[in-house]
Each structure stands twice: as structure tokens, then as C-alpha cells.
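A quick write-up on the structure given underneath.
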Amino acid sequence: MVIELAEYEVRPPVAADADALGQFHCRVWRDTYADVMDPQAYAALSPERFTAGWQRRLEGVTEDGLMAGGDTVAIAEHRCDGIVGFISVGPARDEDPPTPQQLWALNIVAEHQGTGLAQHLMGEVLGQGPAYLHVAQGNERAIAFYRRHGFVQDGTDITDGHDGITELRMVRHG
């Protein structure tokens, strides 16, 4: 189902968004990673942990969404449902980056997937140029989405020792 993007406001986050972002972010991880995450790490997911992370990240955020870590963040609020998505794009964090720009995160709650929101956020914040990202192995919906947007797996994968998720690297050479 595609809905009107007019039902969303896309904007930079502000410090007052930390609690709502923490609730949203925990929900997305619980919905997305149940089958691919280490069970103990999954059980430890909490809105409070995510909120604390967002409080730290939002200290000093600029009016255009530039974070202290060098990434740019935009959130999507639905007129009825509150925060339903966010995107984070910044400089490459890998030791051997295939491009200088990395899509750090793109999260959309399940009921707003397939609406065109993720594509809109990518177009607005990431653009069409070269970029790379990491996606959880087993997250077939996300992998298919990124393929439709020109990303291909480059054979690099890493397993996060904290959460047990194996991430596949995908690259778009633009």
C-alpha cells in the first residue's frame, strides 16, 4: 500500500525527540531482529537503553540534523502515528570503505513499510551517488529494497560480537 507522503513530516531531530526515538528504535529492532540477533542481546533490548543513546546523540545536534558523530539524521513523523522512521547518513566508518559515504541506518516501522517513505528518505538525505551500507543477513525485505536502489553485495560481511548479527556490506557505485 502506498500512502501520500503529505501525511509525513520529515525533519531533523531535536533533543526533545529522544524519548520518542528511543521507543521507536527499540520497537523497530524488536520487530526486525528477533530471528537474527543473539537471544541474550535481544532480551536486553529496552526503550530506556535506546532513549539514553538518543539523548547522547542529540546533544549539540544542528538545525539541519548534523550530529556530533558526523552523520546527518532525519526523522519521519506520521500525522497520526508519531515517529515512524529515521535515516542516518555519514562518512564511511569501515577501515576499507568502498565509497566515502555510508548509509548508517534506515529504519521504518512495519506498518509504514511499502509506503514509499524509505525511498523518500533515501532520496532526500542519501541522494543517488555512491554509498555503502551494512544490512543484517536474513533481513530479506531490506536486502531486496536496497537491491532495487542499486546496491549490490560486495562479499564483505562482519559479525557484531555484541549482538551476534552478521551484517552484509552492500555498495552502490552511483
Side-chain angles (χ1 to χ4, degrees), residues 13 21-58 67-76 83-123 125-174:
L21 279 164
Q23 298 285 330
F24 154 79
H25 206 167
C26 184
R27 178 179 169 209
V28 168
W29 273 52
R30 285 191 167 279
D31 290 348
T32 304
Y33 300 123
D35 296 330
V36 297
M37 195 172 189
D38 173 80
Q40 287 182 316
Y42 182 81
L45 294 176
S46 72
E48 295 80 15
R49 186 180 119 209
F50 281 96
T51 295
W54 278 106
Q55 287 170 335
R56 284 188 302 277
R57 288 194 69 206
L58 292 172
M67 310 295 269
D71 59 320
T72 298
V73 174
I75 61 174
I83 295 175
V84 296
F86 86 91
I87 186 170
S88 175
V89 174
R93 295 187 291 189
D94 290 19
E95 290 183 20
D96 63 338
T99 69
Q101 182 168 245
Q102 181 178 354
L103 173 57
W104 289 11
L106 176 58
N107 291 181
I108 308 291
V109 294
E111 60 271 20
H112 289 267
Q113 292 175 0
T115 63
L117 178 60
Q119 181 175 334
H120 178 74
L121 288 172
M122 278 190 23
V125 181
L126 180 64
Q128 298 299 315
Y132 76 99
L133 57 91
H134 294 274
V135 61
Q137 182 177 345
N139 188 349
E140 297 305 321
R141 182 182 181 105
I143 292 168
F145 172 81
Y146 293 127
R147 281 188 183 133
R148 286 191 306 274
H149 292 280
F151 289 88
V152 295
Q153 289 177 244
D154 74 351
T156 302
D157 62 273
I158 57 170
T159 299
D160 186 309
H162 174 69
D163 59 25
I165 296 175
T166 298
E167 296 178 340
L168 311 173
R169 188 165 74 181
M170 299 183 77
V171 181
R172 179 178 70 192
H173 291 288

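Numbering of residues begins at 1 and proceeds along the displayed sequence. In this text the structure is predicted, and so the values were computed from the model without any measurement. Values reported hereafter were calculated over all heavy atoms of this structure, with side chains retained and with hydrogens, waters and symmetry mates removed.
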* Heavy-atom pair with the smallest gap, counting every atom of Gln23 and Pro47 -> NE2-CB, 3.5 Å
* Could I get the full list of side-chain contact (heavy atoms from CB on, under 4.5 Å) partners for Ala44, not counting sequence neighbours? => none
* **side-chain contact (heavy atoms from CB on, under 4.5 Å) partners of Ala68, counting only residues at least two apart** => none
* Only one of Ile75, Ile87, Val89, Leu103 passes side chain to side chain contact (heavy atoms under 4.5 Å, CB included) with Leu121; say which it is. => Ile87
* **salt bridge (charged side-chain N to carboxylate O under 4.0 Å, His left out) partners for Asp163, two or more places apart** => none
* Partners of Asp31 by salt bridge (charged side-chain N to carboxylate O under 4.0 Å, His left out), sequence neighbours excluded? -> Arg27
* Structure fact -> Contacts of His149 meeting ring-ring contact (aromatic ring centres under 6.0 Å, His included) (sequence neighbours excluded), chain-then-number -> Phe145
* Gly85 to Ile108 - nearest heavy-atom pair and separation -> CA-CD1, 3.9 Å
* Structure fact -> The salt bridge (charged side-chain N to carboxylate O under 4.0 Å, His left out) partners of Arg169 (sequence neighbours excluded) come to Asp94, Asp96, Asp154
* **Spacing of CG belonging to Leu133 relative to OH belonging to Tyr146, to within rounding of 0.5 Å** => 5.5 Å
* Structure fact -> Here the pair of heavy atoms bringing Asn107 nearest to Phe24 is O-CZ, 3.5 Å
* Asked: How far apart are the C-alpha atoms of Thr32 and Asn139, what are their side-chain angles, what is the distance that settles it, and do they pass the side-chain contact (heavy atoms from CB on, under 4.5 Å) test?
  -> CA-CA 8 Å; Thr32 304; Asn139 188 349; 3.4 Å; yes
* Atom pair NE2 (His134) and CD (Gln102), whose distance is rounded to the nearest 0.5 Å -> 5.0 Å
* Pairs where residues 44-58 contributes a residue and the test side-chain hydrogen bond (donor to acceptor under 3.5 Å, both in side chains) is met, not counting sequence neighbours -> His25-Trp54, Arg57-Asp71
* Does the side chain of Val109 reach to within under 4.5 Å of the side chain of Val28, using non-hydrogen atoms? -> yes
* Asked: At their closest point, which heavy atom of Ile143 faces which heavy atom of Gly138, and how far apart are they?
  -> CD1-N, 4.5 Å
* Structure fact -> Nearest heavy-atom contact between Ala131 and Leu126 is CB-CD1, 3.7 Å
* To do: Apply side-chain contact (heavy atoms from CB on, under 4.5 Å) to Thr166 and list each qualifying residue two or more places apart in sequence or on a separate chain.
  => Gln137, Asp157, Thr159
* To do: Would you please name every residue forming a ring-ring contact (aromatic ring centres under 6.0 Å, His included) with His120, sequence neighbours left out?
  => none
* Asked: side-chain hydrogen bond (donor to acceptor under 3.5 Å, both in side chains) with Gln153: which residues, sequence neighbours excluded?
  -> Arg147
* Asked: Under a 4.5 Å cut-off applied to non-hydrogen side-chain atoms, are Leu45 and Tyr33 in contact?
  -> no
* **Residues which pass side-chain hydrogen bond (donor to acceptor under 3.5 Å, both in side chains) with Arg30, listed by chain and number, not counting sequence neighbours** => none
* **Residues forming a side-chain contact (heavy atoms from CB on, under 4.5 Å) with Ala92, sequence neighbours excluded** => Pro97, Tyr132
* Shortest non-hydrogen contact from Pro91 to Trp104? -> O-NE1, 3.1 Å
